[in-house]
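Let me begin by presenting the structure, written as structure tokens, before commenting on it.
Throughout, a chain's letter reflects where its sequence line sits, starting with A, and its residues are numbered from 1. Computed over heavy atoms, backbone and side chain alike; hydrogens, waters and symmetry mates excluded.
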Amino acid sequence: MDAITYFLSSWVSPELLALTALGTFLGMYVGAIPGLSVTMAVSILISFTFSWDVNNALCLMVGVYMGGVYGGSRTAILLNIPGAPSAIATALDGYPLAKKGLAGEAIGLSTVMSVIGGFIGIIVLAFAAPLVSEFALSFQPRDYMLIGILGIMLVGSLSGNNMSKGVLAGAFGVLIGTVGLDPLTAEERFTFGVVELWNGINPVAVMIGLFGLSEALSQLHHMDKTSVKQVINSVIPKLKDVRKHLPLSLQSSTMGVIVGALPGTGGDIAALMAYDHAKRITKNPTTPFGEGAKEGLVAPEAANNAAVGGAYIPMLTLGIPGDAVTAVFIGALFIHGLNPGPLLMVEKPDMFWFTVGNLTLANLCILIFGLTGIRLFAKIVECPKGILIPLIFLLSIVGAYAINNSITDVWWMLGFGVLGYFMKMYGYPVGPVILGVILSRLIDENWRRAILSEQESLGGLFSGILTSPLSLTLSAAIIFILWSNLPLKPKKLSWRIKPEI
Amino acid sequence: MKKHIIGVLTAITLSTSTVAADYPSKDIQGIIQWGAGGSTDTVMRSISPHAEKELGADIILTNKTGGVGAIAMKYVNGKKADGYTLLMGAENPQMYKVLGLSDIDYNDMIAINVLARGTPIFVARNDAPYNNMQEFLDYAKANPGEVKIGSTGKGGLTSIVMAMLESQVKDLKYTSIPYNGDGPALTALQGDAIDVMPAVLGATIEHVKAGRMKAIGLVDVEANKLLPGVAPITETLPNMESYLPWGPFFGVFVKKDTPKDAVEKLQNAFHKAAFNPDFISLMEKRGFTILNIAGEEAEYFLSGYRSTSSWLVHEAGFAKHSPADFNIPKP
Amino acid sequence: MSRVLLRHPGEALFSLAVLVGAAYLFWQAFHIADAGSLSSPASLPIAASTIMVISASIIVIKTLRMPLHPELRFSHHIFPPIIALVMALLLIFGLALEPVGFLLSAFCFLLLGFVFLYRGKMLWNIGLAITSLALVYLIFRLIFQVVLPEGIVPEREWLAQLAQWFETQE
């Protein structure tokens, strides 16, 4: 009974309700603007809400978190600039939809799927949190390594018709991810003695360059063409459409919750894995993947929002952050005089149900804010290219600078933008590069921990994998995907830009 | 009204030459050495609002991570010495010289305030076959290489604590599993991926209280009131006393040659801020000992930390340079 | 459209450059400390760069076998002057960002961008540049407190003066 009271406490107080709504609204913009991360926004809010009551502060922050994860899809669909790494997979099919004049429909569908994913995450959090967090803790370094390898298999889906170029791009991404002081031993890798390289190359800078800047550069080829007229009559997706994609979104959400709950992985990896899953189980998509398949939009959007609930699971039950944002939340709770940790659930059960209720509320806000104002957003794509493209350049530069207040990131962004442009011109897929960057650390660190735990013995590692049901399941999944990818079927999809002749 | 417009206009024309006397006349930028959500971040974000009130100016906090904090340090020292850029960091820079990460450390800057110090503690997974330091050392000696100890890289807290331990106990053979931070390592400890971890008390306390891991030894000369049952390490290894008390710390610094007036205003503001009851209770709950020192006292503390840690690291064999090269005296 | 893939102008050179780059990274990977043990920081870089060298070699062979596209020209279809111009503008913007400051350099960049790409009336271009710059400044600097490079524009002093002015008005 108490649980319901706590659950509803942010719904019945007008003040808390308004703060949650405001947070969600702000979060959508934070998420949509590349370079502004939810982590950064929540950190700023800690100082801003310092003297507030803890519940008020939390409402605003929870809203920003929920809204931010959703907001990343906006710019991914409209401009091919994922607002955050968790929206990379959304851009793959969302942007082609916008190019076809279906931006409104794409945003509508992604909103509904995000909300469904968000609810699945919250339901699992509410009813299975202790169970899931123990499960998440049981992942050993070798299991994280296997998840990383499972993720890298996605190169197959992102490579289109040229596997060798995709593999090259993926391996390049993995190398980029290793640049800098090795996080485990502080040895320099590919730093060439430059201090600015110690921190490595920021994945967000690579992402903005490869996706946003390179796309804007290649758009310069078509300056004389008028912008695509957007059809906006079906903003709210048809029930038939939602029902058709419901099984996929539920599966993706489940992946999202688990990957989100693992302390070493987050929404970005969840979304990419869900995209791969969608591509594998959809036998005959109405539109090929990469050219605007709705399945390619549904899966990552459901997964990355489900990961929010997932990330809260270890945080609320054990005081272990599920991702970077929940780590900041832990700091916020400390500052407000609470003791986030395994005893929080016992000492302050109200905190748990309050957060669950507040997340639900924020999720509903997404539905409302997400489905209104779509017309206005879709208009952005109709804006004359001569205005839009310089603005994309400016946004990319400011966004890259904002990541770490550093000009170095701007140079990386520009460099990868130019590289991405030539890669596109010559038919090299850019998706695998960013995939490699994201997964590089996960594979690198956990491979080394796993082999160190076995005292450098490969045999020990294999016997460890063979005797653990979890590792065996993950290995089986890798072998299955490898096997199903092997017969290289010719695909229609082409990454090469067709120059006008 | 007219006066204000003139004021704005003169500001536009003269603004680059702000006089230090009216410090602070604009926002101050605080550069946090570590990422959002970490302990340094939490401590700095909880003291800054109190200091802002004393200063009458906003402190805009920015996280600038990387190179175990060396990038933030380089950034602050690349700015003008006008007191408008603060470095908010942890203990790491005191090891930069011997580890070859930078040729400056906190002794080459001005300490505004060294806020607090942490206490290291040894924790072990619950089903480990040892309950105190002596049992642990006996087990590790009897099973060479079998105990998996989490570490946070060369120069990190674990490496220095282990160097202290190895200086007292010969022939200790264990497997070191590296993690990037004590958070992930303590998570791994709860998943049985590692057996033992030396970490800062504040990061472990809630987990120990909840019975998710066990404390086997406090790296201090006396027991801590937050965990009264845990014996100090000096009971097992009395010679450890020469290094203790030792622990990671947090502090606020400005570039050398910052005008005296600005330094004094900052020192006063942070000194008062650190007396705020909210801040004190936050620090105590996390197991930190409040220092709140500046000036000579801070310099003495910083030098002491540097010489103990640098020589330990040098003797353990993973320093790039000898502390003697930088005239760092032996403790 | 024929199914035979044709080589675009510059593609052979690009694939060769990629191969050379991959080989260089491969060589560099062996210079990471402690290369050799399975758990060394060099193990993943060596593995990844080996894959790069192999796939880049395959691509070079495939590319050189393709016949050159008869109609495409590098300077027209792959790297037309407008793209070179925009890349040069971006480069100058990047160089000017810190010494000159964000506000001034971004304004010049936007204005030139609109002049070259939008080709509107000058007054329109200036108006557009100012409006969009104001919006970006509001969002990044004022709301999200990203301290953009100030350069020669003393904006923090202006902001302090403005704040003071507002305070005394109340």
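- Contacts of A:L318 with chain B are made by both backbone and side-chain atoms, with heavy-atom separations under 4.5 Å.
- Note: B:T42 OG1 to A:I46 CD1 = 6.5 Å, rounded to the nearest 0.5 Å.
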Item to check | From CA spacing to verdict: side-chain contact (heavy atoms from CB on, under 4.5 Å), B:N63, A:T39 | outcome: CA-CA 11 Å; B:N63 299 89; A:T39 319; over 6 Å; no
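- There is no contact between B:S281 and chain A, counting heavy-atom distances below 4.5 Å.
- With a 4.5 angstrom heavy-atom cutoff, B:S48 does not touch chain A via any of its atoms.
- Contact of the B:Y179 side chain with the A:P141 side chain is registered, since non-hydrogen atoms from C-beta on lie closer than 4.5 Å.
- In this structure, the portion of A:I320 lying under 4.5 Å from any heavy atom of chain B is its side chain and not its backbone.
- Taking CG of A:L343 as the reference point, atom CD1 of B:I205 lies at 10.5 Å (rounded to 0.5 Å).
- The structure places CE of A:M40 at 12.5 Å from CG of B:L61, a figure rounded to the nearest 0.5 Å.
- Each ring pair (Phe, Tyr, Trp, His ring centres under 6.0 Å) pair with one or both residues in residues 37-59 of chain B, not counting sequence neighbours, appears once here: A:F50-B:H50.
- A distance-only check finds no donor-acceptor pair linking the side chain of A:E445 to the backbone of B:P178 [under 3.5 Å].
- Annotation: side chain to side chain donor-acceptor pair (under 3.5 Å) contacts involving residues 402-411 of chain A, sequence neighbours excluded, comprise A:S406-A:T408.
- Of the two parts of A:P340, only the backbone, made up of N, CA, C and O, holds a non-hydrogen atom closer than 4.5 Å to a non-hydrogen atom of chain B.
- Note on B:R212, B:K148, B:K285: by heavy-atom pairs under 4.5 Å with chain A, the leading option is B:R212.
- For a residue to count as touching a neighbouring chain, one of its non-hydrogen atoms must lie under 4.5 Å from one of that chain's; by this rule B:S176 touches chain A with the backbone only.
- Remark: B:T62 OG1 to A:I44 CD1 distance equals 8.0 Å, nearest 0.5 Å.
- Close approach to chain A, defined as a heavy atom under 4.5 Å from one of its heavy atoms, is seen in B:A70, B:I71, B:K74 of residues 69-79 of chain B, taken by number.
- Of the residues considered (B:L186, B:D192, B:L101), B:L101 shows the highest number of contacts with chain A, using heavy-atom pairs under 4.5 Å.
- Heavy-atom proximity under 4.5 angstrom to chain B picks out A:R449, A:L452, A:S453, A:Q455 from residues 448-458 of chain A.
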